[in-house]
Q: 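Before we start, here is the structure in question, set down as structure tokens.
As a basis for the values below, the full set of heavy atoms in this structure was taken, side chains included, without hydrogen atoms, waters or symmetry mates. Here is the naming used below: chain letters follow the sequence lines, and residue numbers restart at 1 for every chain.
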Amino acid sequence: MDVHELYNEQIELSKKAILTDSFPPIKRVGGVDCSYLDDKFIIAGLVVLDYGTLKPIYRTFDIQRLTFPYIPGLLAYREAEAMMGVIKKAKVRPDLIMVDGFGTNHPRRCGIATHIGIKLDVPAIGVGKSFLCGEVQGQRIIQDGEETGRLVRAISGQKPVYVSPGHKISLKTAVKVVKHCMAGHRQPEPTRQAHEYVTSIKNRSLLRENLNRAKNGPR
DNA sequence: GCGACAG
DNA sequence: ATCTTGTCGC
């Protein structure tokens with residue numbers, strides 16, 4: 001694969017990003033995250049929460065073969081297919097998706113939240129757990145003079161989360177939504193619960209693997 | 001060339 | 001992300 005073609009695709013995708021609010025009142029928020037099995041498979045999980053109570057009302061997962069390596073700036077090519085797969089198979093549709101990663105705060109303004117948002121035409125927000133790029137000025141993240149992201153924390157003094165709009169939402173509203181979803185943990189509930197979920201699926205898979213090994217291996 | 005670099 | 005014990009702080 002040629003990374004330059006992917007870079008160009010990201011640049012083209014970023015031009016399609018809508019960074020203004022264009023979605024109905026949020027009733028359900030979705031959170032997606034991934035985990036891996038032996039570097040061979042990727043598990044994507046989706047948890048849909050009631051926006052008012054932040055209680056989970058639905059969840060599903062999808063497992064696919066891993067086909068792309070981890071390359072900073074190209075995370076979407078490793079995880080987006082699995083995430084979009086689980087979102088498409090969901091029986092309960094969220095009004096907005098929170099993704100583990102970035103949106104517009106990205107070297108080419110096209111993090112995985114933007115990638116998924118545009119390809120599925122769904123409002124999306126990126127919630128990163130570690131700094132990616134830009135210049136931090138207080139709570140703001142500036143790139144080429146524009147504010148592309150914001151540092152948000154549930155508890156002052158603790159490590160922040162990096163919020164940026166992915167698609168069909170403004171930075172201001174994205175921050176507002178993420179803050180609304182904070183329940184005393186560093187990460188907002190949608191991605192936090194999605195992470196817990198995929199981890200449990202992973203452990204369930206590993207357990208099943210070991211049971212089969214104990215049953216068939218020793219002979 | 002050097003440094004930075006989501007999950 | 002993943003591997004992995006004890007340990008620091010609220």
Side-chain angles (χ1 to χ4, degrees), chain A residues 3-4 6-7 9-10 13-14 17 31-47 61-87 97-118 124-136 141-144 148-167 171 174 178 184-188 190-207 209-210:
Chain A
V3 297
H4 296 100
L6 301 182
Y7 284 175
E9 183 185 6
Q10 290 185 318
L13 274 178
S14 75
V32 283
D33 191 22
C34 295
S35 73
Y36 302 91
L37 275 183
D38 213 23
D39 217 48
K40 291 294 179 188
F41 296 94
I42 179 169
I43 301 171
L46 165 72
V47 175
F61 69 93
D62 196 21
I63 299 184
Q64 297 184 12
R65 278 211 94 86
L66 204 41
T67 60
F68 200 87
Y70 169 66
I71 300 174
L74 295 179
L75 179 67
Y77 296 95
R78 181 171 171 81
E79 300 189 339
E81 207 55 54
M83 286 183 168
M84 295 193 287
V86 78
I87 292 171
I97 300 283
M98 253 182 226
V99 184
D100 212 64
F102 291 76
T104 187
N105 174 27
H106 174 276
R108 290 165 294 284
R109 303 290 203 281
C110 190
I112 191 167
T114 303
H115 189 109
I116 290 174
I118 292 174
I125 297 175
V127 181
K129 300 186 298 297
S130 61
F131 180 75
L132 174 58
C133 67
E135 185 185 336
V136 176
I141 299 177
I142 310 296
Q143 288 183 257
D144 304 315
T148 57
R150 188 114 43 158
L151 276 58
V152 174
R153 43 200 121 206
I155 302 169
S156 61
Q158 75 170 357
K159 283 171 67 178
V161 107
Y162 302 81
V163 178
S164 56
H167 186 49
L171 171 59
V178 169
H185 296 276
R186 183 165 90 106
Q187 293 184 75
T191 49
R192 194 185 68 79
Q193 290 188 28
H195 184 266
E196 264 187 1
Y197 181 51
V198 294
T199 300
S200 73
I201 297 300
K202 179 199 175 96
N203 290 331
R204 174 199 297 181
S205 302
L206 292 178
L207 174 61
E209 237 173 61
N210 289 326

Q: What's the verdict on side chain to side chain contact (heavy atoms under 4.5 Å, CB included) for A/K129 and A/Y162, showing C-alpha distance, side-chain angles and the deciding distance?
A: CA-CA 6 Å; A/K129 300 186 298 297; A/Y162 302 81; over 6 Å; no

Q: Is the CD atom of A/Q187 crowded by more than 12 outside heavy atoms at less than 6.0 Å?
A: yes

Q: According to a 3.5 Å limit on both distances, what stems of 3 or more consecutive Watson-Crick or G-U pairs are formed with DNA chain C?
A: none

Q: What stems involve DNA chain B, if each pair must be Watson-Crick or G-U and both of its distances must be under 3.5 Å, with 3 or more such pairs in a row?
A: none

Q: Does A/D100 reach the side chain of A/E79, with side-chain heavy atoms less than 4.5 Å apart?
A: no

Q: Between A/T114 and A/R109, is there a side-chain heavy-atom distance shorter than 4.5 Å?
A: no

Q: Provide, to the nearest angstrom, the distance between the CD1 atom belonging to A/I43 and the P atom belonging to B/dG7.
A: 18 Å

Q: Do the rings of A/H115 and A/Y77 sit parallel, tilted or perpendicular, given the 30° and 60° boundaries?
A: perpendicular

Q: Under 3.5 Å, side chain of A/Q10 to main-chain N/O of A/G73, donor-acceptor pair present?
A: yes

Q: A/S164 side chain to A/G103 main-chain N or O, any donor-acceptor pair under 3.5 Å?
A: yes

Q: Can you sort out which residues in residues 102-113 of chain A have a heavy atom within less than 4.0 Å of DNA chain B? Ascending by number, please.
A: A/F102, A/H106, A/G111, A/I112

Q: Using whole Å, what does the distance between atom C1' of nucleotide B/dA6 and atom CG of A/L75 come to?
A: 6 Å

Q: Quick check against the 3.5 Å criterion: does A/R186 have a side-chain atom that pairs as donor or acceptor with the backbone of A/P160?
A: yes

Q: Contact between A/I141 and A/L132 at the side-chain level, heavy atoms closer than 4.5 Å - yes or no?
A: no

Q: Using the side chain to side chain contact (heavy atoms under 4.5 Å, CB included) rule, take A/L6 and A/I71 through it: C-alpha gap first, then chi angles, then the decisive distance, then the call.
A: CA-CA 11 Å; A/L6 301 182; A/I71 300 174; over 6 Å; no

Q: Under 3.5 Å between N/O atoms: give me all the protein pairs with nucleotides 1-10 of chain C, atom names plus distance.
A:
unit_1: C/dA1; atom_1: OP1; unit_2: A/H195; atom_2: NE2; d: 3.4
unit_1: C/dA1; atom_1: OP2; unit_2: A/K129; atom_2: NZ; d: 3.3
unit_1: C/dT2; atom_1: OP1; unit_2: A/K202; atom_2: NZ; d: 3.2

Q: Quick one: does A/L37's side chain get under 4.5 Å of A/L66's, heavy atoms only?
A: no

Q: Could you check if a side-chain atom of A/F41 sits within less than 4.5 angstrom of a side-chain atom of A/R65, using non-hydrogen atoms only?
A: yes

Q: Output one line per pair: protein atom, nucleotide atom from nucleotides 3-5 of chain B, and distance, for all N/O pairs under 3.5 Å.
A:
none

Q: Which donor-acceptor pairs under 3.5 Å do the side chains of residues 190-200 of chain A make with protein atoms, sequence neighbours left out?
A:
unit_1: A/T191; atom_1: OG1; unit_2: A/P188; atom_2: O; d: 3.4
unit_1: A/R192; atom_1: NE; unit_2: A/E189; atom_2: OE2; d: 2.8
unit_1: A/R192; atom_1: NH1; unit_2: A/E196; atom_2: OE2; d: 3.3
unit_1: A/R192; atom_1: NH2; unit_2: A/E189; atom_2: OE1; d: 2.9
unit_1: A/R192; atom_1: NH2; unit_2: A/E189; atom_2: OE2; d: 3.4
unit_1: A/Q193; atom_1: NE2; unit_2: A/E189; atom_2: OE1; d: 2.9
unit_1: A/T199; atom_1: OG1; unit_2: A/H195; atom_2: O; d: 2.8
unit_1: A/S200; atom_1: OG; unit_2: A/Y197; atom_2: O; d: 2.7

Q: Name the nucleic acid region contacted by A/L74, choosing base, sugar-phosphate or nothing; use a 4.0 angstrom heavy-atom cut-off, strictly under.
A: base

Q: Would you call A/Y36 and A/R78 a side-chain contact if the rule is heavy atoms closer than 4.5 Å?
A: yes

Q: Walk me through whether A/R150 and A/V178 qualify under side chain to side chain contact (heavy atoms under 4.5 Å, CB included).
A: CA-CA 11 Å; A/R150 188 114 43 158; A/V178 169; over 6 Å; no

